[in-house]
Amino acid sequence: MGMFIPSFFTGSLINRFGVFNVMFWGAAVLLAGVSVALTGTTEWHFRIALTLNGIGWNFLFIGATTLVTTCYEPSERGKAQALNDFLVFGTTATASFLAGFLQEQLGWFPLNRASIGLILVAVMAVAWLRVQRYQEARA
């Protein structure tokens, strides 16, 4: 539910606060979810962490999809969206297959700590893109 229910209002948040702000908040919510996951392994830890991870994922996914629509001409729409969907869902499928293996090999806590690095890479990418867009607007 955390992944899909926010979709009803994520677009409005993007229109009101901007795509980069929503994506930064998505990363912050993801980090909060990881923090909760690192504090324990009770049922409530899992519920709260999964809800926060879903909301953070939604903000980042919808934000990224919004950004993709600004990167191509209308005549390229079908191909660009198809490539984006292929990359997103191909990566998701690969990560799903690897999740059990990595959980078995690394364990719960190291896997969650490693995800902090991935989230920070996403934050840096969004920050870099925000700077690029700002510089283009000023030029």
Side-chain angles (χ1 to χ4, degrees):
M1 287 177 48
M3 289 175 72
F4 301 110
I5 288 178
S7 295
F8 290 113
F9 57 85
T10 304
S12 298
L13 291 174
I14 288 172
N15 288 334
R16 183 171 182 178
F17 300 109
V19 67
F20 297 114
N21 290 331
V22 170
M23 292 180 77
F24 282 126
W25 275 106
V29 172
L30 272 178
L31 287 171
V34 171
S35 297
V36 170
L38 287 170
T39 62
T41 56
T42 68
E43 179 182 351
W44 279 103
H45 285 97
F46 288 119
R47 287 177 190 238
I48 294 168
L50 285 173
T51 300
L52 291 172
N53 287 338
I55 293 167
W57 175 89
N58 180 278
F59 284 7
L60 285 167
F61 179 76
I62 301 297
T65 302
T66 300
L67 287 175
V68 166
T69 64
T70 66
C71 297
Y72 53 80
E73 299 294 325
S75 62
E76 302 168 323
R77 181 173 293 153
K79 289 179 183 177
Q81 193 62 47
L83 177 62
N84 179 62
D85 289 347
F86 173 76
L87 293 173
V88 167
F89 296 112
T91 302
T92 301
T94 303
S96 294
F97 284 121
L98 283 174
F101 173 76
L102 291 174
Q103 165 67 24
E104 181 68 27
Q105 296 300 311
L106 301 176
W108 178 252
F109 294 105
L111 192 58
N112 275 283
R113 283 191 291 273
S115 69
I116 293 170
L118 295 173
I119 296 167
L120 294 178
V121 167
V123 168
M124 290 187 301
V126 173
W128 177 81
L129 187 56
R130 178 184 234 169
V131 168
Q132 294 298 316
R133 294 282 173 98
Y134 179 74
Q135 289 175 348
E136 287 174 8
R138 290 186 69 197

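Residues take their numbers from the sequence shown, with the count starting at 1. Side chains are part of it too, since the values below use all heavy atoms of this structure and drop only hydrogens, waters and symmetry mates.
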Determine, step by step, whether Met1 and Thr51 satisfy the side chain to side chain contact (heavy atoms under 4.5 Å, CB included) criterion, reporting the C-alpha distance in whole Å, the side-chain angles of both residues, the deciding distance to 0.1 Å, and the verdict.
-> CA-CA 7 Å; Met1 287 177 48; Thr51 300; over 6 Å; no
Is there a path of hydrophobic side-chain contacts, each under 4.5 Å between heavy atoms, that joins [X] and [Y]?
X: Leu83; Y: Ile62; result: no
X: Phe20; Y: Trp128; result: yes
X: Phe17; Y: Phe24; result: yes
X: Leu50; Y: Ile119; result: no
X: Val88; Y: Leu118; result: no

[X] [atom1] to [Y] [atom2] distance, which is reported to the nearest 0.5 Å:
X: Thr92; Y: Phe97; atom1: OG1; atom2: CZ; answer: 11.5 Å
X: Arg130; Y: Leu67; atom1: CZ; atom2: CG; answer: 11.0 Å
X: Thr94; Y: Phe89; atom1: OG1; atom2: CZ; answer: 13.0 Å
X: Asn58; Y: Leu30; atom1: CG; atom2: CG; answer: 10.5 Å
X: Cys71; Y: Leu129; atom1: SG; atom2: CG; answer: 7.5 Å
X: Leu111; Y: Leu106; atom1: CG; atom2: CG; answer: 6.0 Å

Non-hydrogen atoms of [X] and [Y] that approach each other most closely:
X: Ala27; Y: Val123; answer: CB-CG2, 3.4 Å
X: Gly63; Y: Val19; answer: O-CG2, 3.4 Å
X: Ile55; Y: Pro6; answer: CG1-CG, 4.0 Å
X: Phe59; Y: Gly26; answer: CB-CA, 3.6 Å

Is it the case that atom [atom1] in [X] sees more than 12 heavy atoms from other parts of the structure closer than 6.0 Å?
X: Trp25; atom1: CH2; answer: no
X: Phe9; atom1: CZ; answer: yes
X: Gln132; atom1: CD; answer: yes

- request: Could you walk me through whether Gln81 and Tyr72 pass side chain to side chain contact (heavy atoms under 4.5 Å, CB included), step by step?
  value: CA-CA 10 Å; Gln81 193 62 47; Tyr72 53 80; 4.0 Å; yes
Within the 4.5 Å heavy-atom criterion, are Arg133 and Thr70 side-chain neighbours or not?
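With C-beta onward as the side chain, the pair touches.
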- Is the backbone of Ala37 close enough, under 3.5 Å, to the side chain of Trp108 for a donor and an acceptor to pair up by distance?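 Checking the backbone N and O of Ala37 against the side chain of Trp108, a donor-acceptor pair under 3.5 Å is found.
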